[in-house]
Amino acid sequence: MYTKECHEILESYLNVPRTLLATSCTDALEMASLLIDIKPGDEVIVPSFSFVSSALPFVRQGATVRFADSRNDHPGMDEHQISNLINSRTKAIVVVHYAGVACNMDQILEEARHGNIKVIEDAAQCIGAGYTTKSGKSHYLGTLGHLGGISFHETKNIHCGEGGVLIINDENYISRAEIIWEKGTNRSAFFRGQVDKYGWVDTGSSFLPSELNAAFLYAQLKNINVVLNQRNYIWNYYQKHLEDWATKNDIQLPVVPDYATHNSHIFFLIFPDAQSRTRFIAHMSNKGIQTTFHYQSLHNSKFYGQETRKMKLPMSEKYTDCLVRLPLYPDLSQENLQYVVDSVNAFKV
Ligand SMILES: *Cc1c(COP(=O)(O)O)cnc(C)c1O
């Protein structure tokens with residue numbers, strides 16, 4: 001069974017007790033939301049500069065979101081803001097490691113421990129990316145909190161079209177997670193011969209992907225190092241050949257803190273303002289190169305922004321307006337890579 005093979009590969013690669021493939025990372029986070037029993041009245045801390053899926057699974061269960069701003073040197077969540085957002089109703093902190101670059105997990109886990117708060121990692125972009133703790137231990141992202149999710153959507157480093165995985169780091173969640181995964185039934189225990197028939201025992205949904213998706217994912221996972229090496233080459237090439245241009249034009253390139261080992265998921269540029277970014281996207285488009293901005297701040301969203309739109313989250317708004325991503329995929333040829341670099345270098349802010 002490919003699903004089982006993928007579980008074994010992921011559990012050994014990530015060094016975690018249990019993983020469960022899901023139809024998406026969004027679904028993996030929905031399972032996390034059910035597992036930690038999110039209810040109306042609970043509060044969840046989520047960075048505003050993220051995808052809907054970081055907040056939606058908790059909002060669907062009735063939680064109120066407290067939006068955190070990003071760091072000023074990186075789009076990841078600013079760990080210094082968390083203590084101001086914590087109160088007696090805080091049930092979870094959702095950590096998003098933007099571009100596969102780790103947040104400061106030592107500090108976030110410490111804040112959470114204090115308040116008896118669950119840490120859920122939205123590690124959607126993070127397959128292969130790591131974090132080294134203050135005590136010098138290395139972990140893959142998604143394996144540091146109580147629960148984590150990685151995406152295998154076609155836009156991510158490793159994919160199966162649509163897919164994801166729930167990472168269970170706290171063993172107490174394993175048996176209930178298997179039930180939630182299987183439509184609220186104890187079918188997993190039945191297959192193991194632990195019960196003689198299976199039935200409806202809890203809440204849940206059909207979170208498991210088909211064997212077809214798992215088979216596709218299996219081949220991808222077998223080649224993870226090939227994909228990561230090709231991406232690293234491109235990421236490092238951009239970094240090296242755009243540094244001088246960036247300094248001259250007041251552009252910020254990605255910053256990777258010492259504790260993070262990233263997975264070359266995104267190479268981004270941060271422009272001084274929205275106007276120069278718009279001009280840049282047009283300049284690149286004229287050369288036949290597609291460059292794209294990224295998230296619209298969640299606190300300004302149509303769905304959730306009613307109350308939160310009045311908030312000021314200056315860094316999240318800055319990344320919404322000023323960040324742009326360069327082409328990055330494993331079979332980008334050297335010739336095309338050089339053409340992108342030359343085209344960027346030809347732009348003046
Ligand atoms: C891609 C992404 C998701 C969604 O993943 P799906 O597998 O499409 O559900 C969630 N969060 C972040 C940060 C993402 O980049």
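Just follow the structure's listing: the first ligand is 1, and inside any ligand the first atom is 1.
- For residues 179-201, the ring pair (Phe, Tyr, Trp, His ring centres under 6.0 Å) pairs, not counting sequence neighbours, are H7-W181, F190-Y198.
- At a threshold of 4.0 Å, the pair E317-K312 does not count as salt-bridged, since none of the basic side-chain nitrogens sits closer than that to a carboxylate oxygen.
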- Message: Is there a salt bridge (charged side-chain N to carboxylate O under 4.0 Å, His left out) between E178 and R187? Walk through the geometry before answering.
- Response: CA-CA 8 Å; E178 288 174 347; R187 192 159 175 248; over 6 Å; no

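- Ring centroids of F152 and H159 are separated by 6.0 Å or more, keeping the two rings apart.
- Closer than 4.0 angstrom to ligand 1 by heavy atom are S24, C25, T26, S50, F51, S53, V96, D122, A124, Q125, S151, H153, K156, G163, Y295, sorted by chain and number.
- Between R60 and E30 there is a salt bridge, since at least one side-chain N of the basic residue sits less than 4.0 Å from a carboxylate O of the acidic one.
- Between E11 and R18, at least one side-chain nitrogen of the basic residue sits less than 4.0 Å from a carboxylate oxygen of the acidic one, meeting the salt-bridge criterion.
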